[in-house]
Amino acid sequence: MSKEKASVEVSKESKSGSQVELKQGQKRKRVEVAKKGDGKSIKFDEPNASRVDEADVKTEAPSRRSGSPSQRQSSKPLSNPGRKDNKSSGRNGKLANTKHQQSIPPHLLRKRDELLPKRKALPIWLKVDEIKASLKKNNVLVLTGETGSGKSTQVPQFLLNEKWCTRCIAITQPRRVAAISLARRVAEEMGSYMGSQSPMAKVGYSVRFDNATGPNTKIKFLTEGMLLQEMLRDPVMSQYSAVVVDEVHERSVNVDLILGFLKNLVAGVEQSGKKRDQPLKVVIMSATADVEALVDFFDDSGASEKTLSASNDDADMKDALEQAVTSRVSKCFVEGRQFPVEMIHLPSPTQDWVESALKLIFQIHYKEPLPGDILVFLTGQDTIEGLEKLVNDYAEGMDNEVPKRIFEPTPVRTRKVILATNIAETSVTVPGVRYVIDCGKSKTKQFRSRLGLESLLVKPISKSAAIQRKGRAGREAPGQCYRLYTESGYAEMEERTTPEILRCDLSQAILTMKARGVNDVLNFPFLDRPPRDALEKALLHLLHLQALTETGTISEIGLKIAKFPLTPTLGRVLVEAAKPERDCLLDVIDIISALSVENVFLNLVTEERKEEASEARRELYRREGDHMTLLVTVQRYAEEQSDRKAWCIRHFVSHRAMQNVMNVRKQLRQQCQQLKLLAPGEEQDMKAPSEERTKNVLACMLRGFVANTARLMPDGSYKTLNGNQLVAIHPGSVLFGKKVEAIVFNEFVFTGKAWARGVSAVQLDWVSEVIDSIL
DNA sequence: GAGCACTGC
C-alpha cells in the first residue's frame with residue numbers, strides 16, 4: 001500500500017492563521033496552518049480543491065492590500081458600467097430602477113445572480129419567513145444553527161428590507177478575519193461594492209486598524225471589541241436598527257458584555273440618560289442548543305415560548321397561553337449541513353498520546369482511501385514539534401522502502417497531515433480534512449484572583465469542544481474522528497467550556513461597564529455571574545489605579561483609560577507618562593505598543609542561533625531591563641528608513657510583530673492627541689535614553705504595576721513585595737539570571753513555576769515612593 | 001535555574 005511518497009513540508013512562519021489563495025472563478029488551492037509554530041502542516045499530497053462555503057469564508061485570510069479601493073476591486077474592468085447590462089438585469093424588479101443600480105458594474109450583478117441559487121439552497125432559507133415574522137412580533141430572536149446553515153451571511157440580508165429596518169444592521173464576530181471575509185461574501189451576494197470602495201456600498205466591516213464602511217452601509221460586520229468601543233461613544237446604538245450577535249456559544253468576555261448591555265437596552269433601561277426612539281431588534285446566534293438559557297436571559301417575565309409547550313395541565317396551559325402573548329423572545333432552530341463523522345474511541349486510556357497519534361496517522365494513511373487529509377489536535381509547540389519529528393522520521397523510512405516512486409513523473413497522490421493546537425477548532429478552517437485525531441486536551445489559562453496570577457495548564461477539553469473538533473472531519477465529505485481517549489473518558493468531560501468571564505481578570509470588563517454608565521456592576525445582567533470575590537478584586541484594582549473614585553464611580557482617569565485598547569494597568573501607565581513631571585509619553589507609547597503585540601524578539605531553538613541572536617541584539621539590549629530594551633528596539637526600527645525587513649532579520653526581530661507595533665503606536669498616539677494628553681506634532685527624542693529618562697519611564701511602569709514588584713532575597717531568589725510570593729525572572733527576559741535590588745514586571749505566569757515576564761530593574765525606594773503616593 | 005493555548009480594542 002505504501003506506494004505513495006510521503007513528502008513532508010513544514011511551514012513555520014505565516015500570517016496569523018491560515019494562508020489562503022483564492023483565484024477568481026477557481027476554488028481554493030492551498031491552505032497551510034501555521035502560526036509561530038503553533039500549527040504545522042505536513043504534506044503528503046497535493047491539497048484538494050474544495051468547495052468554498054460559509055465557514056471557509058469566515059477563515060479566509062484577508063487581503064493585505066485592503067487599503068486602496070482600486071486594488072480591492074475584482075480584476076474585471078470597472079469603467080463604463082454599461083446601460084445595456086443594467087437593462088438586462090431589469091428582471092430583478094425594483095432594485096434595478098434605483099439610482100444605485102445604475103452605476104453598479106455588470107460583473108457585480110452577474111456574480112450576484114450566479115450566487116442566488118446557492119444561497120437559496122442553504123438550510124437557513126427554509127426559515128426566512130419564520131425569522132422575519134419573529135422579529136415583527138418580538139424584539140429578540142434566539143437563533144441556533146449548526147455550521148453550514150448559512151446564518152451568518154443570510155440573516156442580515158433577510159432583515160435588510162423589513163419595514164422596521166430603517167438604519168444599519170450590525171453583525172458581530174469574535175475574530176477580525178471572520179468579519180472581513182463575511183462582509184466580502186455578503187457584498188458579492190448582494191451585488192454591492194464593499195465598504196469604502198464606493199460611497200454607494202451597502203456592505204462594510206469595521207475592525208481595528210481597518211474601517212471599511214461608507215455613508216450608505218446598511219450591513220456592517222464588526223468585531224465584538226469594535227462594537228463595545230462604539231457603545232462607549234453611543235450607548236443606545238442609535239445608528240442601528242438591529243444587532244446580530246454571532247458565535248455566542250464561544251462566550252468571549254466581550255460577547256458576555258454585549259449581551260448584558262443589549263438586555264438592558266431591550267428592556268428599556270436608560271443608558272446614561274439616553275433612550276432609543278425606536279426599538280432595537282436583537283438576534284442572538286449560537287451553534288449549541290443552549291437556547292433556554294439565552295431565552296430566559298432576555299426574558300425577565302418568564303414568558304418565553306417554552307412555557308407553552310412544556311405545560312400539560314389545564315391551568316398551566318391557560319397561564320402559559322397568557323404569558324405567551326406577552327412573550328418577548330422568539331426562538332428558531334436551523335439544521336446544519338454536515339456530513340456524518342464516524343467516531344472511534346480508544347479501548348483503553350493512553351498516557352502517551354503523541355505516540356498514539358503517530359500510530360494513527362500512519363494507520364489512516366495506509367488503510368484509508370485518498371483523498372483525505374488528517375488534522376491532529378495537540379496542546380502546544382512542544383507536542384507539535386515532537387510529533388512532527390516522529391512523523392518525519394517515520395516518513396523517511398517509508399521513502400526508502402519505495403524509492404522508485406519518488407522519481408515517477410506522474411503527480412504523486414499523497415496525504416497532508418496538519419498538526420495544530422485549538423487554533424484549528426474555531427479560527428482556521430483547513431479544507432480537505434476527512435480525518436481528525438483529537439488528543440482530548442488543551443492548554444487553558446486560569447486566573448487565580450486571590451494571587452493575581454495566571455496559570456497555563458494542560459486540561460481535558462469539554463464535550464462541546466470535542467464535538468467541535470470532530471465536526472472538522474465532516475465539512476466536505478463523510479469523515480472519521482479518532483479520539484485519543486476512551487468513551488468513558490468522554491463521558492467524564494465537562495459539558496461545555498467554562499466561559500472566559502469566569503476565569504479571567506475582570507478589571508478591563510468592569511471598567512468598560514463603568515465607562516458605559518453601568519455603575520452597579522455587582523448587579524449587571526451576566527449570562528454567567530462571576531464569583532463576587534473576583535468582581536471585588538477587580539474593583540479594588542481599579543481603585544488602586546485611580547480609575548474609580550472611593551464611591552466606586554468612574555474617575556476622569558478611568559474614562560481616559562477605558563478609551564484605550566489596553567488593559568487598565570497599561571492604560572494607567574500611559575496616563576501617568578503624560579504628567580508634566582514624567583514627560584515621557586512618546587517613550588511609554590513605544591514600550592506599550594511592543595508589549596501589546598506578540599513577542600518582538602524571535603525565539604531561537606538551537607544554542608548556536610541563540611548566541612548569534614544575543615550578539616546581534618547587543619546594541620538593543622539594555623541592562624535596565626526589558627522595557628528599555630523594547631524602547632530602543634522600537635526606536636531603532638522606526639529610524640530605519642531603507643530596509644526595515646532586513647533590519648529585522650539582522651537583529652533576529654519579528655518583522656510582522658514590528659509592523660503591528662507601528663500600527664498600535666500610531667493608534668495610541670492618535671488617541672492620546674484626542675484626549676489632549678499629547679500635543680500634535682510633538683517630537684520624540686531618539687537619542688539613547690538618559691538615566692533620568694529611564695527613571696521616569698520606569699516610574700510610570702511602577703504606577704501601573706505596583707502589585708507586580710519583587711525584591712531580591714539573600715539567597716538570590718525574588719519575592720513579591722505584595723504577598724511574599726516566590727517568583728523567578730522568565731528565561732525570555734534580558735534580566736534572566738541577573739540579580740538586582742528589585743524588579744517590576746508585567747506578567748506573572750505559572751507554568752510549573754511562577755515566572756515574571758516583561759521585567760525591569762528598579763530601586764526599592766522608587767517602589768516606596770509610588771506606594772506612598774497612592775496611600 | 002530554562003519557557004511561550006487562543007482571541008480582541
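Letters A, B, ... mirror the listed sequences (proteins, then strands); counts begin at 1. Source: prediction; values computed, not measured.
Counting only heavy atoms from C-beta on, A:Pro565 has its side chain closest to B:dC9 among B:dC9, B:dA5, B:dG3. Set against B:dA5, B:dG3, B:dG1, the side chain of A:Trp755 has B:dG3 as its closest nucleotide. Closest to the side chain of A:Lys610, from the set B:dC6, B:dG3, B:dC9, is B:dG3. Closest to the side chain of A:Arg175, from the set B:dT7, B:dC9, B:dG3, is B:dT7. Checking B:dG8, B:dC6, B:dA2 against the side-chain heavy atoms of A:Lys445 singles out B:dC6 as nearest. When the nucleotides B:dG3, B:dC9, B:dT7 are ranked by their closest atom to the side chain of A:Ile423, B:dT7 comes out on top.
In this structure the side chain of A:Arg251 never reaches within 4.5 angstrom of the side chain of A:Arg496, judged on heavy atoms.
No contact: A:Glu500 has no heavy atom under 4.0 Å from any strand. Using a 4.0 Å heavy-atom cutoff across all strands shown, A:Gly752 reaches no nucleic acid atom at all. Residue A:Leu228 is classed as having no contact, given no heavy-atom separation below 4.0 Å to the nucleic acid. Among the atoms of the strands shown, none is found under 4.0 Å from any heavy atom of A:Ser442. Contact annotation for A:Asn422: backbone-only contact, meaning every heavy-atom pair under 4.0 Å involves sugar-phosphate atoms and none involves a base. Looking at heavy-atom distances under 4.0 Å, A:Val253 makes no contact with the nucleic acid at all.
Within the cation-pi definition used here (under 6.0 Å to the ring centroid, within 45° of the axis), A:Arg516 qualifies as a partner of A:Phe261.
Ring pair A:Phe750/A:Phe447: centre-to-centre distance not below 6.0 Å.
Between A:Thr223 and A:Arg208, the side chains place no donor N or O within less than 3.5 Å of an acceptor N or O (distance only, hydrogens not considered). For A:Ser442 and A:Thr444, the side-chain atoms include no donor-acceptor pair closer than 3.5 Å.
Every residue two or more places apart in sequence or in another chain that forms a side chain to side chain contact (heavy atoms under 4.5 Å, CB included) with A:Pro174 is listed here: A:Glu224, A:Glu247, A:Glu250.
Dashed line: the shortest gap from a side-chain N or O of A:Thr223 to OP1 or OP2 of B:dC9 is under 4.0 Å. Phosphate contact (OP1/OP2 of B:dT7, side-chain N/O of A:Ser252, threshold under 4.0 Å): absent.
One can place CG of A:Leu456 at 18 Å from P of B:dA2, the figure rounded to the nearest angstrom. Rounded to an integer number of Å, the gap from A:Gln446 CD to B:dC6 P is 17 Å. Separating the NZ atom of A:Lys753 from the C1' atom of B:dG1 is a distance of 5 Å, rounded to the nearest angstrom. With rounding to whole Å, A:Ile461 atom CD1 is found 17 Å from B:dA5 atom P. For A:Arg176 and B:dC6, the CZ to C1' distance is 15 Å, given to the nearest whole Å. The distance from atom CG of A:Asp505 to atom P of B:dT7 is 20 Å, rounded to the nearest whole Å. Atom C1' of nucleotide B:dC9 and atom CG of A:Asn660 are separated by 13 Å, given to the nearest angstrom. In this structure, A:Asn663 atom CG and B:dC9 atom P are separated by 12 Å, rounded to whole Å.
Residues A:Thr567 and A:Lys443 each lie close to DNA chain B; by heavy-atom proximity, the contact nearer the 5' end of the strand is made by A:Lys443. When each of A:Ser596 and A:Asp382 is assigned the nucleotide of DNA chain B with its nearest heavy atom, A:Asp382 is the one assigned upstream, toward the 5' end.
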